[in-house]
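Heads up, the thing below is written out as structure tokens.
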Amino acid sequence: MAHWLFKSEPREFGLDHLLALPGRVARWDGVRNYEARNLLRDHIQVGDTAFLYHSSCQQPGIVGLLEIVRAGYPDPTAVDPDSPYWDARSSRDQPRWYAVDVRLTARLNPALALSRLRADPALRDFRLLRRGNRLSVLPVSPSEWAHLVTQSRIIPF
DNA sequence: GCCAACGTTGGC
DNA sequence: GCCAACGTTGGC
């Protein structure tokens, strides 16, 4: 079982949106970066777990835990002309972008603030903290995951 | 295949 | 709003 971190902007889609959905399940779509696409398509499996991270907001940080409930499949928004994520170069025959389905399994209370992550020597190599990091789906190593969990107050649903 | 220009991300 | 960093685009 592998671990990941999924970024979102809470004003667009975040913890509160997931909480409002039946079973707290959502399609994670709209990813338009090839490296992240490859993770969604080829590596992220049912049963894997992920941190939910809020970016571009008042207090960036890890706010919840996700479980993958459906592995990579073609992102329907890519072939929907009415979607803001529509991509004319994608087609049903030759999908370019992929989505997975996730379930919110817990919230972190308090959240793990970015400022605290940055101050943690155990996270020196954490990809999230690399300068200029812009990847919206990224791998979390087993040791990073284990460490972060010990730093968290996890409130399961 | 190179690389400059451009658009986007994301913390502050 | 600023701006550093990076991915993508497109001319050549």
Side-chain angles (χ1 to χ4, degrees), chain A residues 2-21 24 26-44 48-66 68 71-102 104 106-141 143-145 147-154:
Chain A
H3 308 293
W4 314 94
L5 181 141
F6 284 31
K7 265 190 223 174
S8 75
E9 300 189 13
R11 274 164 302 201
E12 300 259 331
F13 185 87
L15 186 76
D16 292 341
H17 300 83
L18 275 158
L19 282 170
L21 292 170
R24 301 178 306 277
R27 186 175 69 216
W28 202 271
D29 58 23
V31 174
R32 298 293 180 266
N33 166 282
Y34 288 104
E35 190 176 354
R37 186 278 311 271
N38 292 345
L39 295 177
L40 292 169
R41 185 188 60 189
D42 304 330
H43 298 288
I44 299 179
D48 286 358
T49 54
F51 291 118
L52 174 63
Y53 176 87
H54 281 173
S55 68
S56 296
C57 57
Q58 226 171 22
Q59 181 146 108
I62 296 172
V63 298
L65 299 185
L66 306 173
I68 308 304
Y73 59 99
D75 182 348
T77 67
V79 292
D80 175 4
D82 295 328
S83 167
Y85 301 118
W86 180 58
D87 182 349
R89 301 164 302 177
S90 196
S91 70
R92 285 180 198 288
D93 288 346
Q94 293 203 308
R96 180 178 295 245
W97 305 113
Y98 281 72
V100 299
D101 290 352
V102 300
L104 180 70
R107 78 154 70 220
L108 267 53
N109 190 4
L112 273 181
L114 175 60
S115 54
R116 215 179 125 195
L117 303 180
R118 287 204 188 282
D120 189 337
L123 298 175
R124 193 168 307 150
D125 299 325
F126 193 21
R127 176 118 191 221
L128 177 74
L129 306 180
R130 270 194 219 159
R131 224 158 51 105
N133 163 66
R134 291 168 47 179
L135 203 59
S136 67
V137 173
L138 54 97
V140 177
S141 77
S143 62
E144 288 163 348
W145 181 272
H147 178 74
L148 285 162
V149 164
T150 69
Q151 303 300 301
S152 305
R153 185 160 159 264
I154 295 170

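Quick caveat, the model's predicted, so the values are computed rather than measured. Proteins get letters first, then strands, A, B, ... in listed order; numbering begins at 1 in each.
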>> If you apply the rule ring-ring contact (aromatic ring centres under 6.0 Å, His included), what do you find for A:Tyr73 with A:Trp97, and how did you get there?
In response: CA-CA 8 Å; A:Tyr73 59 99; A:Trp97 305 113; over 10 Å; no

> Which heavy-atom pair separates A:Trp86 from A:Ala78 by the least distance, and what is that distance?
Replying inline: CD1-O, 3.2 Å

d([atom1], [X]; [atom2], [N]) in whole Å:
| X | N | atom1 | atom2 | answer |
| --- | --- | --- | --- | --- |
| A:Tyr34 | C:dG7 | OH | C1' | 10 Å |
| A:Arg32 | B:dT8 | CZ | P | 14 Å |
| A:Phe126 | B:dG11 | CZ | P | 13 Å |
| A:Glu12 | B:dT9 | CD | C1' | 12 Å |
| A:Arg127 | B:dT9 | CZ | P | 16 Å |
| A:Trp97 | C:dG7 | CH2 | P | 13 Å |
| A:Glu9 | B:dT9 | CD | P | 7 Å |
| A:Asp87 | B:dG7 | CG | P | 17 Å |

>> Is there a side-chain contact between A:Tyr98 and A:Asn38 in this structure, where contact means two heavy atoms from C-beta onward sitting under 4.5 Å apart?
In response: no

>> I want to check one thing: is the phosphate of B:dT9, taken as OP1 and OP2, less than 4.0 Å away from some side-chain N or O of A:Tyr53?
In response: no

> Quick one: which of C:dG7, B:dG11, B:dG10 gets closest to the side chain of A:Asn33?
Replying inline: C:dG7

> Nearest of B:dG10, C:dT8, C:dA5 to any side-chain atom of A:Ser56?
Replying inline: B:dG10

> Atom CG in A:Leu5, atom CD1 in A:Ile62: separation rounded to 0.5 Å?
Replying inline: 5.5 Å

>> Over all strands shown, is A:Arg89 touching base, sugar-phosphate only, or nothing at heavy-atom distances under 4.0 angstrom?
In response: sugar-phosphate

